[in-house]
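Okay, structure first, notes after.
For reference, positions follow the sequence shown, starting with 1. These numbers come from a predicted model, not from an experiment.
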Amino acid sequence: MKHGRYPFILSFLALPVGLYAWLVILPFAQAFQISLTDWSGSSNSFNYIGFDNYVNLFKDERFVLPALRHTGIILVVLPVVTIALGLFFAFMLNLGGRSRQGRIEGVAGSKFHKVVYFFPQVLSVAIVGILWKQVYAPENFGGLITGTLGAIGLPTPVNGFLADKRFVLAAVIGVLVWSAVGFYLVFFSSAMASIPRDIYEAAIIDGAGRFQMFFKITLPLLWDSVQTAWIYLSIVALDVFVLVYLMTPEQGGPDTASEVVGGVIWKYAFKHGEQAFASAIGVVLFFAALSLAVVSLRFGRREQIEY
């Protein structure tokens, strides 16, 4: 077995690695090649123009710069808020109940609450977008939020939250958090289940409160899970175009107030006929996501705690 192990291993790896190279690596390489041309996407001819598309990328004040700014905001807000809420709800559902005879318990009905929080995960993005588009609609179109605010005498945007430049980006981020927090609640709850209850019971005996147990015990022991959640949510933040496309006017409006990088790629590729420029944006987005993952793994590393 030792004599022929390398040919044996390679025989199993050849097909999946070949498929991965063909279906993943090759399209990435082709996208980079296209980004160095002036190809429109509708002709057989093109010219190589070097890095002109990358230079012009940061000169586009109409779409690219607002999209970078909005994507950066989502990249900061979405992971922070989602992870904070996921950790809080998971801690309360698992360890937020009363202590009985030195044993700590979760709140009553925690299993039911987990199902309710997880429910948005079973909905497709299309359903979520259409549902919340109606929730944010103007009062005269049956908008739930505007109708409620109007009923209690509070001012509301005349055309709804999604048609108002002041609120549209916050409205989209709110939907992203709503749709993601249930998954990370369950994710963190599963991680908390692996922490021995003896640690919490010893902390109670020593007089520790919930606040101290969370920051001194739970958070350090869940750091690897938090790091993983941060990377996944950062990738989600870079890929929010579908929700923006479904919910907002002009697929990023009004007046580019909710424009994101994915939307700019779609508009240049399929509306403006500039496939090469869209490919350049896609290449930049790919390296941004890759760099973000590497940085998060490198600087978020901590010494592993054993228990």
Side-chain angles (χ1 to χ4, degrees), residues 63-91 117-133 135-136 145 161-162 164-191 219 222-248 251-253 256-266 281-282 284-300:
F63 292 115
V64 176
L65 294 183
L68 290 173
R69 182 171 62 253
H70 299 150
T71 302
I73 293 172
I74 297 173
L75 189 59
V76 173
V77 175
L78 177 62
V80 172
V81 176
T82 304
I83 291 174
L85 291 175
L87 285 170
F88 173 75
F89 290 135
F91 184 79
Y117 280 114
F118 191 78
F119 178 71
Q121 289 296 312
V122 305
L123 301 176
S124 68
V125 178
I127 294 175
V128 171
I130 294 172
L131 173 67
W132 279 94
K133 186 176 182 179
V135 171
Y136 286 134
I145 297 178
F161 288 94
L162 297 177
D164 195 309
K165 294 172 60 176
R166 299 171 298 172
F167 303 113
V168 61
L169 186 62
V172 172
I173 294 175
V175 177
L176 289 169
V177 173
W178 175 84
S179 62
V181 72
F183 173 82
Y184 290 97
L185 180 153
V186 176
F187 178 65
F188 292 137
S189 293
S190 300
L219 189 57
L222 292 184
W223 186 253
D224 288 342
S225 299
V226 171
Q227 187 182 47
T228 301
W230 191 283
I231 293 172
Y232 278 117
L233 284 167
S234 298
I235 294 173
V236 170
L238 295 174
D239 187 28
V240 298
F241 169 61
V242 175
L243 200 61
V244 171
Y245 179 90
L246 291 168
M247 290 179 58
T248 62
Q251 290 81 44
T256 70
S258 61
E259 195 72 81
V260 292
V261 175
V264 175
I265 294 174
W266 176 78
I281 302 174
V284 172
L285 185 63
F286 165 74
F287 283 107
L290 184 63
S291 301
L292 186 63
V294 172
V295 169
S296 299
L297 289 172
R298 177 65 181 86
F299 292 98

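- In Phe88, the CZ atom is not crowded: 12 or fewer heavy atoms of neighbouring residues, nucleotides or ligands sit closer than 6.0 Å.
- Note that the CD atom of Gln227 and the CG atom of Leu222 stand 13.0 Å from one another [nearest 0.5 Å].
- Phe241 meets the ring pair (Phe, Tyr, Trp, His ring centres under 6.0 Å) test with Tyr245, Trp266; sequence neighbours excluded.
- Legend: residues meeting side chain to side chain donor-acceptor pair (under 3.5 Å) with Thr256, ordered by chain and number and at least two apart, are absent.
- Within the 4.5 Å cutoff, no side-chain heavy atoms of Ile173 are placed close to those of Val240.
- Listed by chain and residue number, nothing satisfies the ring pair (Phe, Tyr, Trp, His ring centres under 6.0 Å) test with Phe188 (two or more places apart in sequence, or in another chain).
- Panel note: side chain Tyr117, backbone Leu185; no donor-acceptor pair is recorded below 3.5 Å.
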Show the atom names and distances, to 0.1 Å, of all donor-acceptor pairs under 3.5 Å that link a side chain in residues 228-237 to residues at least two apart or in another chain.
residue : atom : partner : partner atom : Å
Thr228  : OG1  : Asp224  : O            : 3.0
Ser234  : OG   : Trp230  : O            : 2.7

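- Residues meeting the side chain to side chain contact (heavy atoms under 4.5 Å, CB included) test with Ala288, sequence neighbours left out: none.
- Taking both residues in full, the closest heavy atoms of Val80 and Val76 are given as CG2-O, 3.2 Å, listed atom of the first, atom of the second, then distance.
- Residues passing the side chain to side chain contact (heavy atoms under 4.5 Å, CB included) test with Thr71, sequence neighbours excluded: Leu238, Val260, Val261.
- For the ring pair (Phe, Tyr, Trp, His ring centres under 6.0 Å) test, residues two or more places apart in sequence or in another chain that qualify with Phe286 are Phe28.
- Atom NZ of Lys165 and atom OG of Ser258 lie 11.0 Å apart (nearest 0.5 Å).
- Across every non-hydrogen atom of Glu259 and His70, the tightest pair is O-ND1, 2.9 Å.
- Considering CG of Leu131 and OG of Ser124, their distance stands at 10.5 Å, rounded to 0.5 Å.
- Of the inter-residue distances, the one linking Ile281 atom CD1 with Leu68 atom CG reads 8.5 Å to the nearest 0.5 angstrom.
- Residue pairs meeting the side-chain hydrogen bond (donor to acceptor under 3.5 Å, both in side chains) criterion with at least one partner in residues 166-184, sequence neighbours excluded, are Asp164-Arg166.
- When each of Leu78, Ile83, Leu85 is tested with Val81 by the rule side chain to side chain contact (heavy atoms under 4.5 Å, CB included), just one qualifies, namely Leu85.
- Side-chain contact check for Val175 versus Val135: every heavy-atom pair is 4.5 Å or farther apart.
- If you take CG on Leu246 and CH2 on Trp132, they are separated by 15.0 Å, rounding to the nearest 0.5 Å.
- Shown here for Thr248 and Gly253, the closest heavy-atom pair between the two residues is CB-O, 3.7 Å.
- For Ser291, there are no side chain to side chain contact (heavy atoms under 4.5 Å, CB included) partners at least two apart in sequence or on another chain.
- Residues passing the side chain to side chain contact (heavy atoms under 4.5 Å, CB included) test with Phe119, sequence neighbours excluded: Val122, Leu123.
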